[in-house]
Every structure is written in C-alpha cells, then in structure tokens.
Amino acid sequence: MTMVEPTPADPSNLRVSDAERERVVALLQTAASEGRLTLGEFGERSEAVYEARTRGELSLITDDLPASTEVDARTSHHQRDEHVGYGRKTGAVDTTSGRRYTSIMGDTEERLVGEISEHQRVLAVMGDVTLDLREAILPAGRVTVSGTVVMGTIRVVVPDGIEVRSEGPNIMGDVKTRVERRNAGNGPLVRVKVTNVMGDVRIIDDTHHKKRSRWKSWWGGD
C-alpha cells in the first residue's frame, strides 16, 4: 500500500501571531523615520497590520520596503534606551528653524507634502492656521509645531494612529486633542508646543477631521 504524503501548507496562508504583527509595525516605524513612508502611509499600513490574519497579508504591507529596513528596525528596537522612539533624541527642542505660517485676522491652510523640516512655526492672531501633516515625510521621525495663538485657532491634522504630544502655556484658552493613540513611544511623533492666549488649539486625526469636514459641509461651511 502506497502512503500518500500530506501536502505542505502554503506558508502565506498561515495565521499570524501578535509578535509577528509587532515586528512588522517596528519595520514600518523605522521606514517612516527614514523618510520612506509619509505619516499617512504609516498610519494606513499600521492599521492594516492589525487587521491582517495571514502571513501573506502581512507580506503585502511591506513588499515595497527594502530588506535592510528590517535589520534597521531590529537595531532601533535595541536602542530604545538611547532614544525616545525611533529617530527621536532627547533634550531641548530648537524652535528657531523651519518655516513659519502666519494668520492675522484671516485663514491660512497648508497641506504639507513630502519631506519637511523637523520644526514648523505658527502664529495666529484673531485668525486660523491649519497644518495638514497627513502627507508629510519626517526623516528624523518627529516634527515639532511651535508658536503662538492669540484669540484665534491653530489646528494640526495628523493621520490616524500617529502619536501626538501637546504642551505649552494655556491662558484662558482651549486645547483639545482628538486622536486615536497607537504604538506610543515607538513610532513617528508630532509634538505641538503652542502658547495659547484666549484661543483654541486643536489636534485631530484623519477620522475626526473628516467628521468635522462633513459637519461643515452639512451646515454650508467652506
């Protein structure tokens, strides 16, 4: 009687573990810090990682990233004691460089696409400034938005799942952060450091921004 050997399972159909997902997220974090992915792409792919069920699905998420990135991700993982997240050095933040976005009794909306400086400056005096970072690339793994708002609004839009930190003096003003936190301390970081005097500071992710846009459209806003 001839024995029939079982057909080996296709590795791409094998179910993935949480540890495998975390390794892929670490790879994406390093790729974003190297400037290979925009903030939006990082957010979208990170979400896809946690939705993936098989190794084949995970492979599709990173098939356009170089193999060396995986090595870099492992190296960065062992260097967390020296850095706060990937590509983020501790210490004082230099806010003297970078472009400045100003609105005085008006509206300024900027969608930053591609590689941007580590520091962005804003000034809103009885006006609104909106910085959209969803298509930005952060070679250093972080960006600091610093500045002042006086009786106006500063709004920073980030992709879903991006870590954000808000700080700065708030004098009779309002500061609200509407983001879904994920991978705190390990991925790209958006830091908002604003002096707020009787104004509004809003940090919102893609999901909340779309809800706000639909609400404005329903009411006939711009």
Side-chain angles (χ1 to χ4, degrees), residues 3-81 83-88 111-115 132-143 156-165 177-191 203-215:
M3 298 294 295
V4 178
E5 295 185 1
T7 303
D10 184 350
S12 65
N13 291 329
L14 295 178
R15 305 281 286 193
V16 297
S17 65
D18 289 339
E20 289 174 299
R21 291 190 181 93
E22 292 304 320
R23 284 196 293 269
V24 175
V25 169
L27 188 154
L28 295 176
Q29 291 164 350
T30 302
S33 296
E34 293 173 342
R36 301 182 192 276
L37 299 175
T38 67
L39 287 183
E41 289 170 332
F42 171 78
E44 291 172 358
R45 295 192 189 201
S46 294
E47 183 177 356
V49 167
Y50 291 106
E51 293 178 350
R53 293 292 177 266
T54 67
R55 290 181 176 177
E57 292 173 347
L58 278 184
S59 178
L60 292 175
I61 297 171
T62 59
D63 63 358
D64 61 345
L65 297 177
S68 61
T69 301
E70 185 172 3
V71 177
D72 294 341
R74 291 196 298 266
T75 301
S76 297
H77 178 76
H78 294 300
Q79 294 177 342
R80 288 188 189 181
D81 292 339
H83 295 78
V84 181
Y86 291 95
R88 286 183 246 152
R111 188 169 190 174
L112 308 187
V113 179
E115 184 175 320
D132 187 341
L133 303 178
R134 289 174 294 177
E135 295 186 42
I137 294 176
L138 311 182
R142 69 174 182 183
V143 61
V156 180
V157 184
V158 302
D160 293 339
I162 294 296
E163 181 188 358
V164 300
R165 297 179 189 173
T177 300
R178 296 288 184 267
V179 300
E180 176 188 354
R181 289 178 171 81
R182 186 190 300 145
N183 307 319
N186 299 324
L189 169 69
V190 176
R191 182 181 180 188
I203 309 170
I204 58 177
D205 61 17
D206 192 38
T207 297
H208 290 86
H209 179 70
K210 289 177 179 177
K211 289 181 179 178
R212 172 182 174 272
S213 298
R214 286 195 294 267
W215 182 259

Taking the side chain as every heavy atom from C-beta outward, state whether [X] and [Y] have any pair of such atoms under 4.5 Å apart.
X    : Y    : result
V158 : I204 : no
I61  : V49  : yes
L189 : R165 : yes
T54  : L14  : no
L39  : E135 : no
V179 : I162 : no
D206 : R134 : yes

Problem - Closest contact, heavy atoms only, A32 versus P188 - result: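 Taking every non-hydrogen atom into account, CB-CG, 3.6 Å.
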Completion exercise
In short, R21 meets R53 closest at the heavy-atom pair NH2-NH1, 3.6 Å
Exercise for the section: Would you sort out whether L28 and L37 count as a side-chain contact (heavy atoms from CB on, under 4.5 Å), showing the intermediate values? Expected result: CA-CA 8 Å; L28 295 176; L37 299 175; 3.9 Å; yes
Exercise for the section: Show your reasoning for whether side-chain contact (heavy atoms from CB on, under 4.5 Å) applies to L133 and V156. Expected result: CA-CA 7 Å; L133 303 178; V156 180; 3.9 Å; yes
Inter-residue atom distance [X].[atom1] - [Y].[atom2], 0.5 Å rounding:
X    : Y    : atom1 : atom2 : answer
I137 : F42  : CD1   : CZ    : 14.0 Å
E57  : E51  : CD    : CD    : 9.5 Å
R23  : T62  : CZ    : OG1   : 12.0 Å
Q29  : E163 : CD    : CD    : 10.0 Å
L58  : S17  : CG    : OG    : 9.0 Å
T38  : E41  : OG1   : CD    : 3.5 Å

Exercise for the section: Considering only NZ, NE, NH1 and NH2 on the basic side and carboxylate oxygens on the acidic side, decide whether R45 and E47 come within less than 4.0 Å. Expected result: no
Practice task
Run the salt-bridge test on R178 and D205 with the 4.0 Å N-O cut-off and return the result as yes or no.
Solution key: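 No, this pair does not count.
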